[in-house]
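In each ligand, atom 1 is the first atom listed, and ligand 1 is the first ligand listed.
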Amino acid sequence: MSSFPKSTVLGYPRIGPRRELKRALESYWGGRSPRVELDRVGAELRALTWRRLAELGLEGLPSNTFSLYDQVLDTAVLLGAVPARYRDAEDPYFAMARGTEGLAPLRMTKWFDTNYHYIVPEIGPDTVFKLDASKPLGEVREARGLGHETRPVVVGPVTFLLLGSALDRLGDVLGCYEELLTALAAEGVAWVQFDEPALVGDRTPEELAAVRTAYERLGAVSGRPSLFVASYFGDLGESLPVLAGTPVEAIGIDLVRGSAPVADLTGKTVVAGVVSGRDVWRTSPGRALAALGAVRASRVVVSTSCSLLHVPYTIDDEPSLEPALRGRLAFAEEKVAEVVALAGADFRGSVPAGPSVALPGPVTFDERGPYEVRAAAQAAHLRLPALPTTTIGSFPQTGELRAARAAVASGALSQTGYERRVEEEIERVIRVQERLGLDVLVHGEPERNDMVQYFAEHLDGFAVTRNGWVQSYGSRCTRPPILHGDVSRPEPITVRWATYAQSLTDKPVKGMLTGPVTIVAWSFVRDDLPLRDVVFQVAAAVREEVRDLESAGVSIIQVDEPALRELLPLRRAAQADYLEWAVAAYRRATSGAADRTQIHTHLCYSDADQILAAIDGLDADVTTIESARSGARILSEVSSFGRGLGPGVYDIHSPRVPGAAEVEGLLRRTVGVLPVERVWVNPDCGLKTRTYEEVEASLANVVEATRRVRAELQA
Ligand SMILES: CN1c2c(nc(N)[nH]c2=O)NC[C@@H]1CNc1ccc(C(=O)N[C@@H](CCC(=O)N[C@@H](CCC(=O)N[C@@H](CCC(=O)O)C(=O)O)C(=O)O)C(=O)O)cc1
Ligand SMILES: N[C@@H](CCS)C(=O)O
Ligand SMILES: [Zn+2]
């Protein structure tokens, strides 16, 4: 057995330093370039990554961390878990990821507590697993052709099956993993990495037994490569002794989110994640060395806490960041350099740092009256029809708008010219909505590059990047802002656009804000304050904006919190505390509004079940939630809220235009479960990724469906 190299990373960004993969994918999908061109770009990006990691002095290079869409989808393909309906599609892989005309894509959801989305494996009792190892084998050979020996990375069997809610299929799937090990051994692969992040959550005795079975069986494969099981995003807890009791040679432990195990792991290699893959701060050498020194194992390897997929490529691409801030930052390349430097240091005998203590912050809210009083004041003021129709905020972000923002950045367009362009777009959005006959209008958010980055650009305490792209799903990326200091709002942010929109119409226009939890969740956040204190600072800024919108005559204000679920701690023991302060922060942000101002909130992930009580606790007058994809289940669960509810009547993630009859069906189902006077009619989420053609056709059908159901109510 060859010993594990002394430094490694668990994974690397793959979208390309200039989003080369995004462009190649979208060009291929749009029929503007052939498949060979996409494959050429992929190969170039992989070669670039291996070369760079080697140049930086990293010893253990991973492979199979590249993906054309998502590593969980890649694992489904590896194991043959391709549902029958996609097999005849022209390109089954992208059909599963994105759907085709007439074929909906597989479900997509958040990867643990990150802003990355994976494709949920669809596994049924009839799924026939059959190994197709061409991708990992291909990458191993490709890297070898370039002079690099690599360690293929694959999602492990327990995590894969838990994500697909199919742990009962463990016995079948293990056959494929065994075959994979044999194939990799035949290829001369020394180590393989199985990612098992699911093991940092609470696991039942049955699930722990599955871990034992899986790694005992894989450990028994003759002539196999050495096994490295990587955990990340928290402590292994009760999974650690189970894993340690199996024949796996190496265990990856997140020493940033988690702590050094008390257990003696003599006999094992510990791949110690001391350089954070989840933030952009430089690693404190003292803290890292102390964490490394506290591990008791036969060999300790220096690594990142998780894949570097969640951080941008390099700080070198950000020349405009303030020098003082730059000095505190490390993106993927800089983190690799830190791993290499730490691996060269002697950390035996380092002393563990004392734990930091989180102090509770203030939890005060509730100047608003009870819902019944607010609802009466709002009804008298707004005079809305039954089943009011509305949208979630954004309208299509056209290429022209994006190009206009790029032109301002390059100096080719003046700020005034740009603002005029935004106003034209707002007018277009208002006229479209009036023509369609919607009841509560929005301004369309054309001024926003992103619902978080835009606010970060207008708040003190944040920095934003030029090229700091991080993959969100498929070809879609975000540039998470860097929250590095105390947050405050120097001046109103959205008021001018909201009031401009309201000046164009007699219909009410909703003001549109992003909530404090979501702003923080989708940013890289300072680590010298407890997260809750940071969120409360942002809440104070949002509260000022709510007040200013109200003073400017805006009667409905929506404060979005789509990331409320995302930050939920992976361990149940920590969840109640989080939910308590997250809800308190939201109420801090919104409770300055008068009773007659209607507060809306919006959440758009289908797995809201676990946090329904918290959503209720937000006390918003109207809550719009994703429902079109999750079916009737969510309706009965939210029916007890006792306030306004807008379960989405169509899925905006697909270009498909829903028919009026289909929307009518969903709406009837909704009014069958919820009191009609509380129901709102809206899509599942914002329309920014859609085209005007799709949006106008879809919304026309929403309005028509509402008209039909209303007519019956009046009859
Ligand atoms: C709701 N979602 C969001 C999440 N996180 C966020 N931070 N924001 C979100 O909205 N997480 C959960 C979900 C994830 N969903 C999405 C959906 C869509 C995108 C997306 O479309 N991203 C865009 C980038 C958006 C952006 O920043 N646009 C800027 C810059 C645009 C650009 O590429 N400019 C060009 C030049 C202009 C041109 O000629 O076109 C350039 O720089 O080269 C802007 O609009 O100004 C994407 O392209 O991926 C993400 C997450
Ligand atoms: N107001 C935002 C919410 C997205 S979750 C939008 O409409 O895009
Ligand atoms: Zn949404």
Got the closest protein heavy atom to atom 4 (C) of ligand 2, with its distance?
M451 SD, 3.5 Å
With a cut-off of 4.0 Å, which atoms of ligand 2 are near a heavy atom of D560?
1 (N), 2 (C), 3 (C)
Has R278 got its NZ or CZ under 6.0 Å from the middle of the six-membered ring of F233, at an angle within 45 degrees of the ring axis?
yes
Could you grab the distance from atom CG of L531 to atom CZ of F536, nearest 0.5 Å is fine?
11.0 Å
Given 3.5 Å as the limit, does a donor-acceptor pair link the side chain of W281 with the main chain of V525, or not?
yes
Could you check atom 23 (C) of ligand 1 against the protein and tell me its nearest heavy-atom contact, residue, atom and distance included?
C477 O, 3.6 Å
Note: R40-E37 ion pair, threshold 4.0 Å (strictly below)
yes
Close-contact set for ligand 1 against R479 heavy atoms, below 4.0 Å:
27 (O), 29 (C), 30 (C)
Please determine if P562 has a nitrogen or oxygen closer than 3.5 Å to a nitrogen or oxygen of ligand 2.
no
Under a 4.0 Å threshold between the charged nitrogen and the carboxylate oxygen, would K688 count as salt-bridged to E445?
no
From Y473, Y116, Y454 - option closest to atom 15 (N) of ligand 1 by heavy atom:
Y473
Is the terminal nitrogen or CZ of R428 (NZ for Lys, CZ for Arg) located under 6.0 angstrom from the six-membered ring centre of Y692 and within 45° of that ring's axis?
yes
Provide the number and element of each atom of ligand 1 under 4.0 Å from a heavy atom of R23.
43 (O)
About how large, to 10 degrees, is the angle SG of C604, then the Zn ion (ligand 3), then SG of C685?
110°
Looking only at protein heavy atoms, which one is nearest to atom 36 (C) of ligand 1, and how far off is it?
A406 CB, 3.8 Å
Would one find more than 12 heavy atoms of other residues, nucleotides or ligands at under 6.0 Å from atom CD of E693?
no
For ligand 1, note which part of T689 has a heavy atom under 4.0 Å away: side chain, backbone, both or neither.
side chain
Nearest option to atom 34 (N) of ligand 1, as decided by whichever heavy atom of R19, R405, R18 sits closest
R19
To the nearest 0.5 Å, what is the distance between OH (Y578) and CD1 (I611)?
7.0 Å
Please determine whether any non-hydrogen atom of R466 lies less than 4.0 Å from an atom of ligand 1.
no
Give the residue, atom name and distance (to 0.1 Å) of the protein heavy atom nearest atom 40 (O) of ligand 1.
R402 CB, 3.7 Å
Among P481, P480, A407, S472, which one puts a heavy atom closest to atom 51 (C) of ligand 1?
S472
Using a heavy-atom cut-off of under 4.0 Å, does the side chain or the backbone of D450 touch ligand 1, or both, or neither?
side chain
Check whether any side-chain N or O of Q378 sits under 3.5 Å from a backbone N or O of I599 as a donor-acceptor pair, and report yes or no.
no
Can you sort out which atoms of ligand 2 are near H602, meaning under 4.0 Å from one of its heavy atoms?
3 (C), 5 (S)
Measure S394 to ligand 2 on non-hydrogen atoms and call it side chain, backbone, both or neither using the 4.0 Å cut-off.
both
Residue C685 vicinity, atoms of ligand 2 by number, heavy atom under 4.0 Å:
4 (C), 5 (S)
Is it true that E447 and R496 make a salt bridge, defined as a side-chain N closer than 4.0 Å to a carboxylate O?
no
Do F66 and Q71 have side chains that get closer than 4.5 Å, going by heavy atoms?
no
For R466, is the CZ atom crowded, meaning more than 12 foreign heavy atoms sit under 6.0 Å from it?
no
List every atom of ligand 2 that sits less than 4.0 Å from any heavy atom of G393, numbering the atoms from 1 in the order shown and giving each element.
7 (O)
If you count the atoms of ligand 2 from 1 in the order shown, which ones are under 4.0 Å from a heavy atom of E445?
1 (N), 2 (C), 6 (C), 7 (O), 8 (O)
Which of parallel (below 30°), tilted (30 to 60°) and perpendicular (above 60°) describes W111 and Y232?
tilted
Atom 1 (C) of ligand 1 - nearest protein heavy atom and its distance
W522 CH2, 3.8 Å
I'd like to check which ligand 2 atoms, numbered from 1 as shown, lie under 4.0 Å from a non-hydrogen atom of G686.
6 (C), 7 (O), 8 (O)
Heavy atom to atom 25 (C) of ligand 1, shortest distance: which of I392, V452, T518, N449 holds it?
N449
Atom CD of Q415: over 12 foreign heavy atoms under 6.0 Å:
yes
Per-atom contacts of ligand 1 with R476, taking only distances under 4.0 Å to non-hydrogen atoms
18 (C), 19 (C), 20 (C), 21 (O), 49 (O), 50 (C)
Keeping the roles fixed (side chain from R14, backbone from G42), state whether a donor-acceptor pair exists under 3.5 Å.
no
Ligand-residue contact atoms, ligand 1 with K22, heavy atoms, under 4.0 Å:
47 (C), 48 (O), 49 (O)
With rounding to the nearest 0.5 angstrom, report the NZ to OG distance, K22 to S27.
12.0 Å
Can you list the atoms of ligand 1 that are under 4.0 Å from a heavy atom of W469?
24 (C), 26 (C), 27 (O), 30 (C)
Give me the residue, atom name and distance of the protein heavy atom closest to atom 12 (C) of ligand 1.
Y605 OH, 3.1 Å
What protein heavy atom is closest to atom 11 (N) of ligand 1, reported as residue, atom name and distance in Å?
N115 OD1, 2.7 Å
Qualifying residue, where the test is side chain to side chain donor-acceptor pair (under 3.5 Å) with K510 and the options are Q558, Q502, Q598, H443
Q558
Using 30° and 60° as the class boundaries, would you call the ring planes of W29 and F94 parallel, tilted or perpendicular?
perpendicular
Counting only heavy atoms, which portion of H653 has something under 4.0 Å from ligand 1: side chain, backbone, both, or neither?
neither
Can you tell me which residue and heavy atom of the protein come closest to atom 10 (O) of ligand 1, and the distance to 0.1 Å?
K688 NZ, 2.8 Å
For the backbone of D317 and the side chain of T314, can you confirm whether one donor and one acceptor N or O come within less than 3.5 Å of each other?
no
Within 4.0 Å of some non-hydrogen atom of T478, the atoms of ligand 1 are 5 (N), 6 (C), 7 (N), 50 (C), 51 (C)
With a cut-off of 4.0 Å, which atoms of ligand 2 are near a heavy atom of I392?
1 (N), 7 (O)
I'd like to check which ligand 2 atoms, numbered from 1 as shown, lie under 4.0 Å from a non-hydrogen atom of C604.
5 (S)
